[in-house]
Amino acid sequence: MKLTTEPVWEPITIAKALSLCDFDALYVAMNLAFACSLRIGEILGLTWDDIHFAENANDTSWLQVSKTLLEVYKQAAAATEGRDILMVFPSTKPNSSMSLILKKPKTKNSIRKVYLPRTIADILKAWHTRQLELIDLLGADYQNYNLVLAQNSGKPYDSHQIYKQFKAFIHTHELPDVTFHSLRHSSVTYKLALNDGNIKLVQGDTGHTSSKLMLNTYAEIFDQSRKELAIRFEENFYAALQP
């Protein structure tokens, strides 16, 4: 799939969106998608033991991507006989054919360490403090699964809830229409621009199985960079030869 088939926000639009967003689950999810290049299932599957805050100012906070939260057919979950499934959450709709599960990622590459910008670490600290206050207030009424992104009851979010909130947010603030997943594409684009197209460096954050897959997915970005390289080559070498 080419990046150009899906509209994405430029960094200036993301900055505007974040400034308009309340400090809520959607705000945290948007920051994690953009700053950490995470997929929605990886965001929803984060637990607090995956978050490692720096102990001093010279260290960098980081998170471990080691599981994903998915909605699957109950029959499909049962057919796996528990393989790779870490938890099946109690269903809130007894007659539903779907279940929310926490499972190991599909590939080894998806299991990764992602370093956090300081602002993201501060957001997560504030979010954790707010969550602990809620747990203290609700006591036994809070269903504590140790999830980073949990509803006020402690129950997990499913991806459709976040997608719905994101679409409503876009409509309310008249922002360009994109999918939530496009924030991950914006993340990769921005990081490649920052490090002059170092695929391997960004691949460590994205969890792509190979640099070739990443190159194919983001071919448009690299093509633009090559155009700019030709222009710089002209300006720095051939222009100097002109009389």
Side-chain angles (χ1 to χ4, degrees), residues 3 8-15 17-19 21 23-69 86 102-132 146-150 157 162 180-215 217-218 221-222 225:
L3 181 63
V8 298
W9 282 348
E10 296 294 329
I12 190 170
T13 305
I14 294 178
L18 291 175
S19 71
C21 196
F23 186 68
D24 56 13
L26 179 61
Y27 177 77
V28 177
M30 287 170 62
N31 274 286
L32 288 171
F34 180 62
C36 302
S37 311
L38 301 187
R39 303 173 178 90
I40 185 62
E42 294 169 340
I43 294 170
L44 299 178
L46 285 173
T47 52
W48 285 111
D49 54 304
D50 295 320
I51 311 299
H52 303 268
F53 294 117
E55 296 183 359
N56 58 68
N58 295 322
D59 288 338
T60 302
S61 300
W62 56 279
L63 61 80
Q64 180 76 20
V65 179
S66 60
K67 46 193 177 292
T68 184
L69 191 147
L86 305 172
L102 197 63
K103 68 180 291 292
K104 296 177 183 178
K106 282 185 178 180
T107 66
K108 291 182 179 180
N109 293 75
S110 293
I111 300 173
R112 61 197 189 278
K113 181 178 185 177
V114 180
Y115 289 99
L116 306 177
R118 186 173 299 174
T119 296
I120 300 300
D122 290 342
I123 288 171
L124 288 173
K125 287 177 183 177
W127 183 252
H128 196 202
T129 297
R130 174 173 162 172
Q131 194 178 90
L132 290 174
N146 201 35
L147 293 168
V148 172
L149 281 192
Y157 282 100
I162 299 297
F180 184 86
H181 186 71
S182 74
L183 295 176
R184 176 172 152 90
H185 291 317
S186 295
S187 174
V188 175
T189 303
Y190 191 56
K191 289 178 180 180
L192 287 171
L194 286 177
N195 68 23
D196 295 324
N198 189 323
I199 302 175
K200 283 293 184 182
L201 201 60
V202 179
Q203 186 185 349
D205 279 2
T206 65
H208 279 93
T209 55
S210 69
S211 55
K212 181 179 180 181
L213 174 61
M214 190 171 176
L215 180 61
T217 304
Y218 296 96
I221 301 167
F222 294 113
S225 296

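Numbers here simply count residues along the sequence, with the first being 1.
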Atom pair CD1 (Ile14) and SG (Cys21), whose distance is rounded to the nearest 0.5 Å: 12.5 Å
Return the minimal non-hydrogen interatomic distance between Thr60 and Tyr115, and the atom names on each side. CG2-CD2, 3.9 Å
Count the heavy atoms belonging to other residues, nucleotides or ligands that lie under 6.0 Å from NZ of Lys106, then report whether that count exceeds 12. no
Minimal non-hydrogen separation, His185 against Val8, with atom names: CB-CG1, 3.8 Å
Is the OH atom of Tyr190 crowded by more than 12 outside heavy atoms at less than 6.0 Å? no
Distance (rounded to the nearest 0.5 Å) between Asn31 CG and Leu183 CG: 9.5 Å
Taking Lys67 for its side chain and Gly41 for its backbone only, find out whether a donor-acceptor pair lies under 3.5 Å. no
Between Arg130 and Phe23 (side chain of the first, backbone of the second, donor and acceptor by atom type, cut-off under 3.5 Å), is there such a pair? yes
Could you walk me through whether Tyr27 and Ile123 pass side chain to side chain contact (heavy atoms under 4.5 Å, CB included), step by step? CA-CA 9 Å; Tyr27 177 77; Ile123 288 171; 3.7 Å; yes
Worked check of side chain to side chain contact (heavy atoms under 4.5 Å, CB included) between Leu86 and Lys104: CA-CA 7 Å; Leu86 305 172; Lys104 296 177 183 178; 4.1 Å; yes
Measure the spacing between SG of Cys36 and CD1 of Ile120 and express it to the nearest 0.5 Å. 6.0 Å
With distance as the sole test, does Arg184 use its side chain to make a donor-acceptor pair with the main-chain N or O of Ala33 at under 3.5 Å? no
Looking only at non-hydrogen atoms, find the nearest pair between Ala29 and Phe180 and report the distance. O-CZ, 3.6 Å
Checking Trp9 side chain against Ser186 main chain: does a donor-acceptor pair fall under 3.5 Å? no
Where does the angle between the aromatic ring planes of Phe53 and Trp48 fall among parallel (under 30°), tilted (30 to 60°) and perpendicular (over 60°)? tilted
Using 0.5 Å steps for rounding, measure from the CG atom of Leu194 to the OG1 atom of Thr189. 11.0 Å
Donor-acceptor contact below 3.5 Å, side chain Glu42 vs main chain Pro105: no
The reported gap from NE2 in His52 to CG in Leu116 (rounded to nearest 0.5 angstrom) is 10.0 Å
Between Ser66 and Ile111, is there a donor-acceptor pair closer than 3.5 Å when you use the side chain of the first and the backbone of the second? no
Which residue in the set Ile51, Ile43, Thr47, Leu44 passes side chain to side chain contact (heavy atoms under 4.5 Å, CB included) when paired with Val148? Ile51
Side chain to side chain contact (heavy atoms under 4.5 Å, CB included) between Val28 and Leu124, worked out: CA-CA 8 Å; Val28 177; Leu124 288 173; 4.1 Å; yes
Distance-minimising heavy-atom pair for Val65 and Ser110: CG1-O, 3.4 Å
At their closest point, which heavy atom of Asp50 faces which heavy atom of Gly45, and how far apart are they? OD2-O, 4.1 Å
Hey, are the side chains of Leu38 and Arg112 touching, using non-hydrogen atoms and a 4.5 Å cut-off? yes
Within the structure provided, determine whether Thr68 and Arg39 are in side-chain contact (heavy-atom separation under 4.5 Å). no
Walk me through whether Val114 and Ser37 qualify under side chain to side chain contact (heavy atoms under 4.5 Å, CB included). CA-CA 9 Å; Val114 180; Ser37 311; over 6 Å; no
Which atom pair, heavy atoms only, marks the closest approach of Gln64 to Leu46? O-CD2, 3.8 Å
